[in-house]
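Worksheet: one structure, shown below.
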Amino acid sequence: RTGAACVSKCTQKLVSAHLHKPQITSIAEGEEFVDANAAMEQTIAGDYFKEGEIPEVLQACFDKKPLAASAWGAALWYMKHLLLDSKLVPGARFDDYGNLQHSAYMQLDGQALANLDILENSGGGTQGTLLGLLDRCCTPFGRRMLRHWLCSPLNVPSDIEARLDTIEYLHTNRDFVEEAMSYMRELPDLERMLSRVQAEARKKIHGVMFNGAVQKGVENLLNIMDNTQKLVKACRRINKSLDRELPG
């Protein structure tokens, strides 16, 4: 059996209720969908984490939650199959879903995002969506952060009030906003640049190198250092602008 035929009706119902148009890919039990011990061994062998320190949440799965660890093993196999494991796993963030339910942020599943037209409309575009209405970002990393904020709305009243106060300030001080945006438009996407350098570094560790790769890696690193200085200068300019705008 392949695809959705490998998934029980109960699981299909659960997936459909929480994800928007999910793609189901079948993987073989045992070899690809491994048990908890094999998942831990493959994670350690992959050397994904600094000094071999497995994130606390993931380690807890290996120690006490074998089903969750097995699911992680399946996800790891799939990332390996796509040759994305070395890019995605080292920088991944692992959270306990039980703790997330009581966190400072609301958790919206795929169906909720789709039904409320948060990120996409029924045609796959952004017209008429909350993202399309609010997106005035001038940088790609700002746009990614906005998407994250929309998918995880604030849940604590004091945090909501603080954000509203900030929005009110920005709305009534358009000159400062325009000045800050002019600085930020000059900034490169450091987040993506760092991800590429990290990926190149892992290729070196695993012996996957090509002609000129070392030189390219050094050039990328120097470029990041130069652009980091630009970021610091932009932050200083914005701080000076704030000092002029804010009383006292």
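These figures come from a predicted structure and were not determined experimentally. For the numbers below, each heavy atom of this structure counts, side chains included, while hydrogens, waters and symmetry mates do not. Residue numbers count from 1 along this sequence.
The side-chain heavy atoms of V34 and W77, taken from C-beta on, include no pair separated by under 4.5 Å. In this structure, the side chains of L134 and L150 come closer than 4.5 Å at one or more pairs of heavy atoms. In this structure, the side chains of P153 and L108 come closer than 4.5 Å at one or more pairs of heavy atoms. The closest side-chain heavy-atom distance from L130 to L116 is not below 4.5 Å. Here the side chains of E120 and T126 are not in contact, with every heavy-atom distance at 4.5 Å or above. Using a 4.5 Å cut-off on side-chain heavy atoms (C-beta onward), P55 and F49 make contact. In this structure, the side chains of C151 and L113 come closer than 4.5 Å at one or more pairs of heavy atoms. Using a 4.5 Å cut-off on side-chain heavy atoms (C-beta onward), D85 and Y78 make no contact.
Within the hydrophobic cluster formed by Ile, Leu, Val, Met, Phe, Trp and Tyr side chains joined at under 4.5 Å, directly or through other members, V156 stands alone, with no partner residue.
In this structure, SG on C137 lies 11.0 Å from CZ on R185, to the nearest 0.5 angstrom. Rounded to the nearest 0.5 angstrom, E161 CD and L154 CG are separated by 11.0 Å. In this structure, CD on Q127 lies 7.0 Å from CG on N121, to the nearest 0.5 angstrom. For the atom pair Q107 CD and S152 OG, the distance stands at 5.0 Å (nearest 0.5 Å). Rounded to the nearest 0.5 Å, atoms CG (D109) and CG (N115) are 8.5 Å apart. The structure places CG of L88 at 6.5 Å from CE of M79, a figure rounded to the nearest 0.5 Å.
One finds a salt bridge joining D95 and R93 here, because a Lys/Arg side-chain nitrogen approaches an Asp/Glu carboxylate oxygen to under 4.0 Å.
Under the salt bridge (charged side-chain N to carboxylate O under 4.0 Å, His left out) criterion, E178 pairs with R174, sequence neighbours left out. Partners of L170 according to the side-chain contact (heavy atoms from CB on, under 4.5 Å) rule, which considers only residues two or more places apart in sequence or in another chain, are T166, F176, V177.
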Would Y48 and L76 satisfy side-chain contact (heavy atoms from CB on, under 4.5 Å), going step by step from the backbone distance to the final call?
CA-CA 11 Å; Y48 298 113; L76 181 59; 3.6 Å; yes

Run L164 and E168 through side-chain contact (heavy atoms from CB on, under 4.5 Å) and show every step you take.
CA-CA 6 Å; L164 289 174; E168 182 179 4; over 6 Å; no

With side-chain contact (heavy atoms from CB on, under 4.5 Å) as the test, would you mind laying out the steps for I118 and L131 before giving the verdict?
CA-CA 6 Å; I118 302 296; L131 176 63; 5.9 Å; no

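Pairs passing the side chain to side chain donor-acceptor pair (under 3.5 Å) check and including a residue from residues 57-69, sequence neighbours excluded, read Q59-D63, K65-D96. Judged as a side chain to side chain donor-acceptor pair (under 3.5 Å), the pairs with a partner in residues 134-151 (not counting sequence neighbours) are, in order, D135-R143, R144-D189, R144-E191.
F33 and L82 fall within the same hydrophobic cluster, defined by Ile, Leu, Val, Met, Phe, Trp and Tyr side-chain heavy atoms under 4.5 Å apart, directly or through other members. Note on F94: it clusters hydrophobically with I54, by side-chain heavy-atom contacts below 4.5 Å among ILVMFWY residues. Under the 4.5 Å side-chain contact rule for hydrophobic residues, V57 and I44 share a cluster. Two different hydrophobic clusters hold M145 and Y183 under the rule that ILVMFWY side chains link at heavy-atom gaps under 4.5 Å.
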Contacts under 3.5 angstrom, residues 36-43 side chains, donor-acceptor by atom type, not counting sequence neighbours:
| unit_1 | atom_1 | unit_2 | atom_2 | d |
| --- | --- | --- | --- | --- |
| T43 | OG1 | A39 | O | 2.7 |
| T43 | OG1 | W72 | NE1 | 2.9 |

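Annotation for A69 and F62: closest pair CB-CD2, 3.6 Å, computed over non-hydrogen atoms.
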